[in-house]
Protein chains: 2
Amino acid sequence: MAGGRPREFDVEVALDQAVRVFWQRGYEGAALSDLTEAMGINRPSLYAAFGNKESLFRKALERYTDRQAVHVRDALGCPTARAAAERMLRGAVEVSTQADCPAGCLSLQAGLAMSEDAVATRERLADWRRTGEAGLRERFERARDEGDLPAGTDPGDLAKFVVAVAQGISVQAADGVGREQLHRLVDLALTAWPA
Amino acid sequence: MAGGRPREFDVEVALDQAVRVFWQRGYEGAALSDLTEAMGINRPSLYAAFGNKESLFRKALERYTDRQAVHVRDALGCPTARAAAERMLRGAVEVSTQADCPAGCLSLQAGLAMSEDAVATRERLADWRRTGEAGLRERFERARDEGDLPAGTDPGDLAKFVVAVAQGISVQAADGVGREQLHRLVDLALTAWPA
DNA sequence: CGGGTTCTGTACCGCTTGGTCAAGAACCTG
DNA sequence: CAGGTTCTTGACCAAGCGGTACAGAACCCG
């Protein structure tokens, strides 16, 4: 019973790279060759250290939870409920817009993202979403001009808010949340409407 | 110059099936064999009628825009800005929770969804999101018990709202929206906070 | 009916995917 | 140094991917 050859890479460093690849390309979009290249190891080393692709993703998600999505835990420790909510949302913004990481949140991005050769389609979808938002913004601009919205209201910000809630609704529906609950979510969102 | 053999399938019906497959499995998760099977045609017929996979997806997205995402257009025609916002959000709920269609919105689902053999991973991600929401809900329950939240407030609804906004933020960040704009979105969302 | 045209079905292509085998190198212990 | 253990390397696998070639069937027009 001897020590054996020591591995030549740092497991945690390699895992961090795997997080980035999954975050950027998504689960299925991240090919093993993408992963091994970014992690600086070759295939059998990856399998020996992390199991298969799914197991690697599980570990990457755990590491993401510890290192990136800290606001989710932090929020629970906040003194007031409102502070918790704000911590959650501000944290989501910060994590999603880090300079040296892929934009967005791994939990959605792992699905939302696609492999390199589907760039055109991903961009088409983003354009589709932006077009919907732009229509809403223009409608809100008209409303402001007509006095239907308070003068201090920014139509662009308001459109982004409405679209963000709609997108959140879609995600939650995909996760199995029912229609009645989502309508209550809309009720709540609409209480944010500028008086 | 003659007519040639007529095609044996209805292009629009086949396209509707393609919409469903993309909606359910995502763009990359939808294999050509999934598409041809659902559409009831075989491969060369698909290529002759729709071009390649990307072109088929483009047409499917157009059809989805016309047939499913009607609330996006409808909203723009509403009499007031607030009605437009509400139409947008209620429509998102309805489309995302139709009984005979995949849950969620194609524009996100086309990325969020995965192929059949990645079910475990997709479910893991959904669980991850639900866990975060559950933590927030429990925090809000405590807050209500402590009088930090009004007695009439439903902690579960509030948690769903906060999480939905956070998810919307992630999507928008992935689509290139900057940090400052997203923080303004948070400001707006927080005005919905129960007094 | 014959010629031209377009669709359908099968079989196939090159390529990439996730995953593994077997040989050799590098280490620890005795 | 010898034996056992573990890592690294490169080649390899079956299966699935998106996409296509080709032959035959079904139609329209003259």
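Within every chain, numbering begins at 1; the chains are lettered A, B, ... in the order of the sequence lines, protein sequences first and strands thereafter.
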Quickly work out the B:Arg25 CZ to D:dC17 P distance and round it to whole Å. 11 Å
In this structure, how many angstroms lie between the C1' atom of D:dC17 and the CG atom of B:Asp34, rounded? 11 Å
Return no unless some side-chain N or O of B:Ser33 is found under 4.0 Å from OP1 or OP2 of D:dG16. no
Side-chain donor/acceptor pairs under 3.5 Å, residues 38-51 of chain A, sequence neighbours excluded:
unit_1, atom_1, unit_2, atom_2, d
A:Asn42, OD1, A:Ser45, OG, 3.3

Rounding to an integer number of Å, can you tell me how far A:Leu35 CG sits from C:dT17 C1'? 12 Å
What is the distance, to the nearest angstrom, from the CD atom on A:Glu28 to the P atom on D:dC17? 11 Å
Could you give the CZ-to-P distance, from A:Phe50 to D:dC7, as a whole number of Å? 12 Å
cation_pi(A:Lys53, A:Phe22) dist<6.0 Å, angle<=45: no
Contact pattern, 5' to 3', of nucleotides 7-14 of chain C - B, S or - by protein heavy atom under 4.0 Å: BSBB----
Between B:Arg142 and B:Glu146, is the closest basic N to carboxylate O distance under 4.0 Å? yes
Atom pair distance, as rounded to whole Å: NZ in B:Lys53 and C1' in D:dG18: 8 Å
How many Å lie between OH on A:Tyr47 and P on C:dA22, as a whole number? 18 Å
Rounded distance (Å) that lies between atom C1' of C:dT16 and atom CD of A:Glu37: 15 Å
Does one hydrophobic cluster hold both A:Val93 and A:Tyr64, with members joined at side-chain heavy-atom distances below 4.5 Å? no
Are B:Trp193 and B:Phe140 an aromatic pair, judged by ring center distance below 6.0 Å? yes
Salt bridge present between B:Arg90 and A:Asp187 (N-O < 4.0 angstrom): yes
